[in-house]
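Throughout, protein chains are lettered first and strands after them, A, B, ... in sequence-line order, and every chain is numbered starting at 1.
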There are 2 protein chains.
Amino acid sequence: MIRLNRTTEYGLIALRHMSQRRQNITSAREVADQYGLPFEITAKTLQRLRDCGLIQSAQGAHGGYMLKKELEEVTLAEFLQLMEGPQAVVVCAPPMGSGHVGCECEYKGKCEIKGFMTDLNTRVFRFLSSIRLNELGRLRTVLAIGDEP
Amino acid sequence: MIRLNRTTEYGLIALRHMSQRRQNITSAREVADQYGLPFEITAKTLQRLRDCGLIQSAQGAHGGYMLKKELEEVTLAEFLQLMEGPQAVVVCAPPMGSGHVGCECEYKGKCEIKGFMTDLNTRVFRFLSSIRLNELGRLRTVLAIGDEP
DNA sequence: TTTATATACGATAATAGTTATCGTATATAA
DNA sequence: TTATATACGATAACTATTATCGTATATAAA
Ligand code: SF4
Ligand code: SF4
């Protein structure tokens with residue numbers, strides 16, 4: 001229920017990379033190389049972030065990407081929606097953020113847990129909205145002692 | 001990131017059904033019929049709940065299933081772990097509940113968001129642990145006005 | 001003008017995970 | 001003996017995720 005997409009991780013890795021190099025432009029190649037990510041997917045991920053308005057792109061030889069939005073202004077809920085599409089705990093619940101697009105479910109008529117699920121969906125959305133992407137910069141990778149064999 | 005398995009829903013539907021019919025035994029057939037669920041999967045789901053100690057089974061002609069544990073004592077975090085296996089936000093984070101079994105990730109060495117992810121994992125676990133299955137009984141299906149076309 | 005380097009983007013293959021089904025065995029009350 | 005139930009392994013069908021390929025376009029610099 002809880003696992004993120006790889007592309008979401010790639011996106012966060014790229015955003016953090018950019019937030020550390022303020023003012024400086026970066027490129028899909030640089031990000032992919034530095035973190036060992038697959039180039040093609042990294043490139044597409046960055047294009048997607050640009051489509052969403054989180055970063056801006058410049059084409060051509062010295063082109064690349066730069067942060068556009070303040071990461072503090074982006075919640076994890078919003079980011080997930082941008083990267084993974086509309087999210088909901090169950091198909092009958094309205095996807096986070098936009099709209100009451102409550103989908104269809106074949107069990108809808110007889111289902112007795114819909115109320116519970118709708119409530120859960122709301123709470124999950126609130127939880128994810130309480131986390132902002134500027135937290136990416138706060139925590140660094142702390143290798144726990146004994147983490148490696 | 002956020003969607004539950006169908007089997008988890010089937011399990012919750014069954015648990016709620018049983019919690020409404022205290023003392024009375026129910027069966028996979030009864031649950032499947034009443035809510036229109038696929039019988040085979042419902043049966044396996046109930047077997048799984050029994051393996052986990054949430055319900056007890058009786059074989060034979062008048063057999064079936066009964067609640068064993070108080071739903072108030074079961075958190076959503078525990079339930080998800082039982083139904084969907086060890087859960088974590090990312091593969092490098094320790095799955096909820098049991099252990100520091102932090103898995104392997106090919107990007108581990110260079111990754112800079114591991115700290116953020118580990119922290120997120122902990123917070124998600126806390127969130128899911130704050131919800132208990134007795135809430136299943138509190139909310140009923142409230143059909144929103146205009147929910148159907 | 002040519003070259004090197006970058007983004008842009010559609011199409012598709014490979015992989016993994018979820019969901020559903022089939023077949024058979026066993027237990028038990030009537 | 002029969003009807004009804006759980007128990008359980010194997011596998012098929014479906015869906016989503018993840019990775020790759022091919023080609024087009026933009027731009028700075030030689
Ligand atoms: S109607 Fe019930 S079974 Fe269907 S998605 Fe909603 S909660 Fe799940
Ligand atoms: S090491 Fe980094 S990329 Fe790998 S799973 Fe952990 S957070 Fe994700």
B/Asn5 CG to D/dT17 P, in whole Å, measures 13 Å

Ring-face cation contact, B/Phe39 with B/Arg29, 6.0 Å cut, 45° max | yes

Could you check whether A/Ala28 gets within reach of a base, just the sugar-phosphate, or nothing at all, counting any heavy atom under 4.0 Å?
-> sugar-phosphate

Let me know the distance between NZ of A/Lys68 and C1' of C/dT7, rounded to the nearest Å.
-> 16 Å

Output a table of donor-acceptor pairs, distance under 3.5 Å, between side-chain atoms of residues 68-79 of chain B and any protein atom two or more places apart or on a different chain; print 'none' if there are none.
residue : atom : partner : partner atom : Å
B/Thr75 : OG1  : B/Glu78 : N            : 3.1
B/Glu78 : OE1  : B/Thr75 : N            : 3.2

In what stems does DNA chain C take part, counting only runs of at least 3 consecutive Watson-Crick or G-U pairs whose two distances fall under 3.5 Å?
-> C:1-30 with D:1-30

Are any of A/Tyr10's side-chain N or O atoms less than 4.0 Å away from OP1 or OP2 of D/dA19?
-> yes

How do A/His62 and A/Arg6 order along DNA chain D: which one's closest nucleotide is nearer the 5' end?
-> A/Arg6

Mind calculating the distance between CD1 (A/Ile13) and P (D/dT18) to the nearest angstrom?
-> 13 Å

In short, B/Tyr107 meets A/Tyr35 closest at the heavy-atom pair CD2-O, 3.8 Å

Counting only pairs under 3.5 Å, give me each side-chain donor-acceptor contact of residues 85-95 of chain A, with atom names and distances, residues two or more places apart or in other chains.
residue : atom : partner : partner atom : Å
A/Gln87 : OE1  : B/Met1  : N            : 3.0
A/Gln87 : NE2  : A/Glu84 : O            : 3.1
A/Gln87 : NE2  : A/Gly85 : O            : 3.0

Rounded to the nearest Å, what distance is computed from the CZ atom of residue B/Arg48 to the P atom of nucleotide C/dA20?
-> 15 Å

Taken in chain and number order and not counting sequence neighbours, the residues that satisfy side chain to side chain contact (heavy atoms under 4.5 Å, CB included) with B/Arg21 are B/His17, B/Asn24, B/Glu30, B/Gln34

Starting at atom CZ of A/Phe39, determine the distance to atom P of D/dG22, rounded to an integer number of angstrom.
-> 15 Å

For nucleotides 9-14 of chain D, read 5' to 3', which letter fits each nucleotide if B means a protein heavy atom sits under 4.0 Å from the base, S means only the sugar-phosphate is that close, and - means neither?
-> BB----

Report yes if at least one side-chain N or O of A/Tyr65 is closer than 4.0 Å to OP1 or OP2 of C/dA8; otherwise report no.
-> yes

Whole-Å gap separating P (D/dA16) and CD1 (B/Ile2) | 17 Å

With distance as the sole test, does A/Thr45 use its side chain to make a donor-acceptor pair with the main-chain N or O of A/Ile41 at under 3.5 Å?
-> yes

Check the distance between C/dT7's P and A/Arg29's CZ and give it to me in whole angstrom.
-> 9 Å

Taking CD from B/Gln87 and P from C/dG17, how many angstroms apart are they, rounded to a whole number?
-> 12 Å

Show which residues join A/Met66 in its hydrophobic cluster (side-chain heavy-atom contacts under 4.5 Å, direct or indirect), or state none.
-> A/Ile25

Specify the residue among A/Arg3 and A/Asp51 whose closest nucleotide of DNA chain C lies further upstream toward the 5′ end.
-> A/Asp51

With sequence neighbours excluded, tell me which residues meet side chain to side chain contact (heavy atoms under 4.5 Å, CB included) with A/Leu82.
-> A/Cys52, A/Leu54

Side-chain N,O (B/Arg50) to OP1/OP2 (D/dC8) below 4.0 Å = yes

Which pairs with one or both residues in residues 120-132 of chain B pass side-chain hydrogen bond (donor to acceptor under 3.5 Å, both in side chains), sequence neighbours excluded?
-> A/Glu135-B/Arg123, B/Asp119-B/Arg123

Does any residue of residues 52-59 of chain A have a heavy atom under 4.0 Å from DNA chain C, and if so, which ones, in number order?
-> A/Ser57, A/Ala58, A/Gln59

If you check every side-chain atom of A/Pro38, which of D/dT17, D/dT20, C/dA20 has the closest atom?
-> D/dT20

From C/dA20, D/dA19, D/dT4, pick the nucleotide closest to the side chain of B/Glu106?
-> D/dA19

So, does B/Thr8 use its side chain to make a donor-acceptor pair with the main chain of B/Leu4 at under 3.5 Å?
-> no

With the side chain defined as heavy atoms from C-beta on, A/Gln47 is closest, among C/dA4, D/dT20, C/dT7, to C/dT7

Qualifying salt bridge (charged side-chain N to carboxylate O under 4.0 Å, His left out) pairs, either residue in residues 42-58 of chain A, two or more places apart | none

Residue set satisfying side chain to side chain donor-acceptor pair (under 3.5 Å) with A/Tyr65, at least two apart, ordered chain then number -> none

